[in-house]
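Here the structure is laid out as structure tokens; the discussion comes afterwards.
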Amino acid sequence: MKLDTGLIARRLGEVPATAKGCEDAGFDAVWTAEAGGDAFLPAVPAAEHTRKVKIGTAVAIAFPRSPMATAQVAWDLAGLSEGRFILGLGTQEKGHIERRYSTKWDAPVPRLREYVQSLRAIFECWSKGGSRLKYEGKFYNFSLMTPFFTPHKHNWPDIPIYIAGVNEHIIRLAGEACDGLHAHPFNSPKYLAEYVLPNIEKGLKKSGHNRKDFTVATTAFAIVGHNKEEQDRIRAQVRQQISFYASTRTYRVRARDAWMGRGGGSAQ
């Protein structure tokens, strides 16, 4: 087991010191989030001011971005960090995609499968200096890459891709097509052991991938502080986050089952 942390600095100017502090404290990875700001931007100063800690998005929202746009920033971050960058993607849920991003919500699991596949095709094209790009799917098609738009090659083209998952279908997709899963923070040990891990294994079996090459990442709510005042402040933040998850209709069945110790899923 490895111990990671979230890069909670909300101002970009705070990121260098925060990321360096996380590395000095011995964390294995720092994760940024698309919450209150862009998921990718903080990874730039984090990569510049650290040398060992892995840096990833947990998560960047996939569908409002073209896979090509996502591939470009991921490629640059992999080069800047010298292979320490992990691309974590999430679907979000229908209300946010349609009403906050003004983007079409359509068959999230099949669409995300093509998203990951097209990213792999783009990375392979660039790893070969701009070889012929050809990906054809229902949702995404890529067939044009010219020298002017081909990024410089670097030594870290195999960028790890994690996806966030709640229900069985997207968890299986993670095992089938990805390097890791961001399991939802709103979980229980029983849900992870009896629902998440078996569905990962089904995806791994389908693709022939090995479990030792696959990572499961998740978040634990922890209330810590130097004194009661700090602990009370963190406790209020944790209560707010749990309330937010519990109020999300998409998570309703799965959240109930997770906290009652039953594996369950709803659409995501």
Hey, does [Y] have a side-chain heavy atom less than 4.5 Å from the side chain of [X]?
X	Y	answer
V53	D28	no
F27	L3	yes
S143	L133	no

Ionic contact status for [Y] with [X], cut-off 4.0 Å:
X	Y	answer
E34	R65	yes
R172	E168	yes
R84	E82	no
K52	E23	no
R233	E230	no
R120	D179	yes
K205	E201	no

Determine yes or no for a side-chain-to-main-chain donor-acceptor pair under 3.5 angstrom, with [X] supplying the side chain and [Y] the backbone.
X	Y	result
T57	A39	no
W126	W75	no
T70	P67	no
S207	E176	yes
S102	E98	no
D76	G79	no
D38	L41	yes

Check against side-chain contact (heavy atoms from CB on, under 4.5 Å), F40 and T32: CA-CA 7 Å; F40 291 111; T32 66; over 6 Å; no

Aromatic ring pairing Y135/F142, orientation class (parallel under 30°, perpendicular over 60°, tilted between):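 Tilted, since the angle between the ring planes falls between 30° and 60°.
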
Pair W31 + H182: ring centers closer than 6.0 Å: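 Under 6.0 Å, so yes.
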
Centroid-centroid under 6.0 Å between Y140 and Y115 rings: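 Judged by ring-centre distance (under 6.0 Å), Y140 and Y115 do meet the cut-off.
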
Atom CZ of R239: over 12 foreign heavy atoms under 6.0 Å: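 At most 12 heavy atoms, drawn from other residues, nucleotides or ligands, come within 6.0 Å of this atom.
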
Candidate pair F214 and V216, rule side-chain contact (heavy atoms from CB on, under 4.5 Å), full reasoning: CA-CA 7 Å; F214 188 89; V216 179; 4.0 Å; yes

Closest non-hydrogen atom pair, Y245 against P185: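 The answer is OH-CG, 3.8 Å.
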
